A.B. asks: 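One structure is given below, represented as structure tokens, and several questions about it will come after.
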There are 2 protein chains.
Amino acid sequence: MTAPLHEARPAGPGRALPDTQQGMRRRNLARVLHAVRAEGPLSRAAVASRIGLTRAAVSTLVDELIRSGLLEELGPERPGRVGRPGFALALSGRGPAGIGAEVGVDHLAVCAVDLRGTTRSRAIRQGANRGRSPGPVLAELTELIRRVVAEAEGEGLWPAGLAVAVPGLVARDARTVVRAPNLDWHDTDLSDFLPADLPLTVDNEANFGALAELWLGEGTPRDFLHVSAEIGIGAAVVVDGGLLRGTRGFAGELGHVPVQPDGPECACGGRGCLEQYAGEEAVLRAAGLEPDEDRVGLLAGRAAEGDEDVRRALREAGTALGVALTGAVNLLDPESVVLGGELSGLAPWLLPSLREELARRTAGPACPVSVSRLGPQGPLLGAAHSVVRAVLDDPATVAERA
Amino acid sequence: MTAPLHEARPAGPGRALPDTQQGMRRRNLARVLHAVRAEGPLSRAAVASRIGLTRAAVSTLVDELIRSGLLEELGPERPGRVGRPGFALALSGRGPAGIGAEVGVDHLAVCAVDLRGTTRSRAIRQGANRGRSPGPVLAELTELIRRVVAEAEGEGLWPAGLAVAVPGLVARDARTVVRAPNLDWHDTDLSDFLPADLPLTVDNEANFGALAELWLGEGTPRDFLHVSAEIGIGAAVVVDGGLLRGTRGFAGELGHVPVQPDGPECACGGRGCLEQYAGEEAVLRAAGLEPDEDRVGLLAGRAAEGDEDVRRALREAGTALGVALTGAVNLLDPESVVLGGELSGLAPWLLPSLREELARRTAGPACPVSVSRLGPQGPLLGAAHSVVRAVLDDPATVAERA
DNA sequence: CTATTTCGTCATGCCGATTTACAAATTAGT
DNA sequence: ACTAATTTGTAAATCGGCATGACGAAATAG
């Protein structure tokens with residue numbers, strides 16, 4: 001009763017499932033896996049002390065996980081310590097694999113990640129998808145998926161699920177793309193176009209990018225704001241190690257936060273939205289450039305060359321981002337803000353003015369802003385890893401198939 | 001694997017506690033209590049079917065809860081249905097009580113709420129606290145608390161905890177008031193001044209107001225934004241039925257969201273913060289009024305009389321609120337926005353322009369904005385109920401004392 | 001007045017973790 | 001080299017908690 005009484009999730013009516021022994025078993029299986037994942041190869045005894053169960057209990061859990069093909073016994077440890085050495089346990093490199101896919105504006109990408117987090121297979125196809133209808137694009141994607149799955153199966157893995165990152169808003173059913181302006185897709189149920197034999201999850205590219213940052217980034221906190229951008233500006237809000245999705249799944253629409261209430265009109269009906277100042281099109285226009293295919297690359301190249309118009313445009317975009325982020329930071333009190341996705345390539349020219357604006361508007365120490373180490377790979381990795389995490393979070397569901 | 005893979009809280013490394021049978025028992029005790037709370041008097045069989053356990057299991061759980069004084073058997077049901085009638089179970093009216101307290105700018109209030117949610121005792125003391133140091137103010141509050149506790153004990157209740165609502169920022173330790181501008185308190189650990197025999201929780205008045213709305217409001221969703229205001233403008237973000245607190249506990253600082261990036265300077269260092277347009281002082285100034293004690297009452301009175309200056313000032317404040325809320329709604333995608341606390345008294349004059357601004361800036365249907373039925377009582381009720389909820393969420397912790 | 005239905009409880013069994021005990025494998029000390 | 005100490009993994013017995021199935025009790029339906 002000393003801790004705050006109410007955290008983000010009450011124990012009460014939220015969890016409607018009955019609490020039975022099977023549930024306990026399932027949760028403990030997950031805890032064993034997470035302990036092994038988080039702290040490298042571990043003996044049964046080490047796992048037991050980590051998660052607070054007895055060695056005997058862990059033994060039976062480990063047996064089950066080994067039978068399911070989720071854990072592997074590496075061999076005897078060679079310790080400097082006294083006592084009988086244990087057998088090192090590690091996540092299996094031949095068990096289930098997470099298949100991640102990305103529909104970008106000018107590329108398609110697929111990869112397979114094993115339980116250990118290692119990328120075991122990948123495929124990329126360049127080519128503009130802007131304005132193409134979902135059918136052909138997803139047929140190509142399916143082709144890539146089949147290739148990656150086949151390669152993964154060749155290495156002894158089996159696909160546990162497919163997660164697809166798209167540059168647009170996705171409904172909470174995790175299937176339907178409600179609006180993807182860059183692709184010109186609307187209300188499209190992707191499950192109609194993708195392999196039906198794999199459990200499917202579709203999500204926003206920014207959300208997957210944030211998850212990648214959370215899971216793969218070094219020292220990433222459990223509460224942060226992940227800002228990403230293609231044409232629009234997407235953000236993902238991570239609260240206590242999980243995504244905040246919003247009622248309709250549209251949370252994180254940073255692009256339409258008002259930055260200048262009397263500014264230019266926006267397609268959303270508002271005025272002076274962030275997108276009008278820091279969106280890709282706006283920045284290109286402000287820099288006096290024509291949109292071409294690789295917009296971000298173009299901007300980064302010119303900025304690196306010292307093009308003052310481009311640099312000024314990016315500075316101003318950074319300032320606008322700073323204003324919008326001030327609002328977001330005030331509202332959410334995150335531990336940090338991370339710039340990810342395509343945006344990370346422009347960070348050197350955006351960051352100074354962004355940080356300055358944020359600091360100016362903050363009493364006390366400003367919220368730290370950093371750049372994702374993952375860069376444009378974040379969404380794809382996040383997608384693949386989300387499948388892997390789902391397995392780790394509830395091994396019982398996949399154990400049956402193995 | 002059909003549902004979205006990752007919700008706000010992963011099952012994985014988040015919960016560090018071992019999952020043992022005792023934990024299962026505790027959670028099931030809570031589920032019984034919540035079922036009875038949510039659906040009125042219920043027989044053991046009805047509870048069993050609600051929560052998915054067997055009648056036998058529920059029987060033993062109920063026995064334990066009755067022995068602990070948390071549940072009561074009301075007597076035999078008189079049903080129209082065939083079959084032996086059950087014994088109606090209800091939350092005890094003579095068990096633990098939640099003590100809620102509120103430190104307002106010009107009043108102190110305390111109340112006791114039983115498990116059923118009924119307020120069983122209350123005490124209020126009017127008097128300006130602005131600028132008074134914490135010692136004397138909290139001594140007075142302690143006096144009120146003692147009185148309320150004594151009265152509750154006279155009715156067979158015993159205090160399970162104390163929750164105090166303050167108009168300011170509270171650290172995540174739920175004890176320390178970091179900054180309360182209206183009181184001029186800074187970095188004050190309230191546990192130094194309050195009865196040590198009661199488990200203490202301190203939180204922002206807006207947060208408790210939001211919880212009251214969540215628990216006591218009719219049809220309140222599990223995801224909403226609760227806007228409250230005294231001098232500053234506080235908001236509380238409710239996500240999936242729980243508060244979003246932020247890393248430092250400062251989430252919801254709507255007052256310093258930039259509304260006009262080039263607007264007047266603010267004490268926070270920024271420019272054009274919402275507080276400059278919709279804060280109490282700003283509105284009074286815009287209306288051409290002098291600050292006096294009952295500021296909100298003054299504004300409401302003048303507006304009701306038809307004072308055009310006041311009405312205009314409130315309209316403009318509503319517009320500014322609309323701009324700030326557009327940002328918040330874009331970021332969080334809540335199901336609704338609720339105006340609560342002192343702000344609810346001014347709602348008739350704020351709402352039209354607020355709604356208009358929000359709708360103008362939103363593509364598609366705008367986020368609905370409503371006014372809290374609880375009004376200024378929200379924070380106090382929320383505080384008291386938070387203690388009650390803590391008991392309902394984990395009856396095992398208090399059962400020992402009973 | 002009997003058949004039927006539902007409630008609450010008891011005896012029994014199952015499942016899962018704990019406890020206790022023990023053999024195996026290592027290091028430390030003589 | 002040999003023993004003592006320590007640690008690991010597993011097996012057997014125990015315990016806690018829920019499920020199952022059966023039963024008496026108390027109501028309604030006919």
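Every value quoted in this text rests on a predicted model; they were computed, and no experiment measured them. Letters go in sequence order (proteins before strands), and every chain restarts at 1.
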A.B. asks: In this structure, how many angstroms lie between the C1' atom of D:dG17 and the CZ atom of B:Arg27, rounded?
C.D. replies: 12 Å
A.B. asks: Answer yes or no: is there a side-chain heavy-atom contact under 4.5 Å between B:Leu244 and A:Leu244?
C.D. replies: yes
A.B. asks: Is any N or O donor-acceptor pair between the side chain of A:Arg84 and the base of C:dT26 shorter than 3.5 Å?
C.D. replies: no
A.B. asks: Let me know which of B:Asn28, B:Leu33, B:Leu29 forms a side chain to side chain contact (heavy atoms under 4.5 Å, CB included) with B:Arg31.
C.D. replies: B:Asn28
A.B. asks: Relative to the 5' end of DNA chain C, which residue comes earlier, A:Glu77 or A:Ala57, by the nucleotide with the nearest heavy atom?
C.D. replies: A:Ala57
A.B. asks: Measuring only between side-chain heavy atoms, which start at C-beta, is B:Arg84 closer than 4.5 Å to B:Glu77?
C.D. replies: no
A.B. asks: Just call it for B:Ser43: base, sugar-phosphate, or nothing, with non-hydrogen atoms closer than 4.0 Å on any strand.
C.D. replies: sugar-phosphate
A.B. asks: Classify B:Arg78 by what it touches in the nucleic acid, base, sugar-phosphate, or nothing, heavy-atom distance under 4.0 Å.
C.D. replies: nothing
A.B. asks: What is the distance, rounded to the nearest whole Å, between atom CD of A:Gln22 and atom P of D:dG16?
C.D. replies: 20 Å
A.B. asks: OP1 or OP2 of D:dG17 less than 4.0 angstrom from a side-chain nitrogen or oxygen of B:Asn28, does that happen here?
C.D. replies: no
A.B. asks: DNA chain C: A:Leu61 or B:Gly83, which has the more 5' nearest nucleotide?
C.D. replies: B:Gly83
A.B. asks: Write down the distance between CZ (B:Arg25) and P (C:dG16), rounded to a whole number of angstrom.
C.D. replies: 18 Å
A.B. asks: Does A:Ala45 reach a base, just sugar-phosphate, or nothing at all? Heavy atoms under 4.0 Å.
C.D. replies: sugar-phosphate
A.B. asks: Less than 4.0 angstrom between a side-chain N/O of B:Thr54 and OP1 or OP2 of D:dC18, yes or no?
C.D. replies: no
A.B. asks: Could you state the CD-P distance from B:Gln21 to D:dC15, rounded to the nearest angstrom?
C.D. replies: 13 Å
A.B. asks: Distance check needed: C:dC7 P versus B:Arg44 CZ, whole Å only.
C.D. replies: 12 Å
A.B. asks: Would you mind reading off the distance between A:Arg81 atom CZ and D:dA5 atom C1', rounded to a whole angstrom?
C.D. replies: 15 Å
A.B. asks: C:dG16 P sits how many Å from A:Leu65 CG, rounded?
C.D. replies: 13 Å
A.B. asks: Under a 4.0 Å threshold between the charged nitrogen and the carboxylate oxygen, would B:Arg27 count as salt-bridged to B:Asp19?
C.D. replies: yes
A.B. asks: At less than 4.0 Å, is any side-chain N or O atom of B:Ser59 found next to OP1 or OP2 of C:dG8? Yes or no.
C.D. replies: no
A.B. asks: Does D:dC18 have its OP1 or OP2 closer than 4.0 Å to a side-chain nitrogen or oxygen of A:Thr20?
C.D. replies: no
A.B. asks: Do the side chain of A:Arg116 and the main chain of A:Ala90 share a donor and acceptor less than 3.5 angstrom apart?
C.D. replies: no
A.B. asks: Nearest-Å distance, CG (A:Asp63) to C1' (D:dG9)?
C.D. replies: 10 Å
A.B. asks: Scan A:Arg55 against the nucleic acid and name what it touches under 4.0 Å (heavy atoms): base, sugar-phosphate only, or nothing.
C.D. replies: base
A.B. asks: What's the closest nucleotide to the A:Met24 side chain, out of C:dT27, D:dA27, C:dA17?
C.D. replies: C:dA17
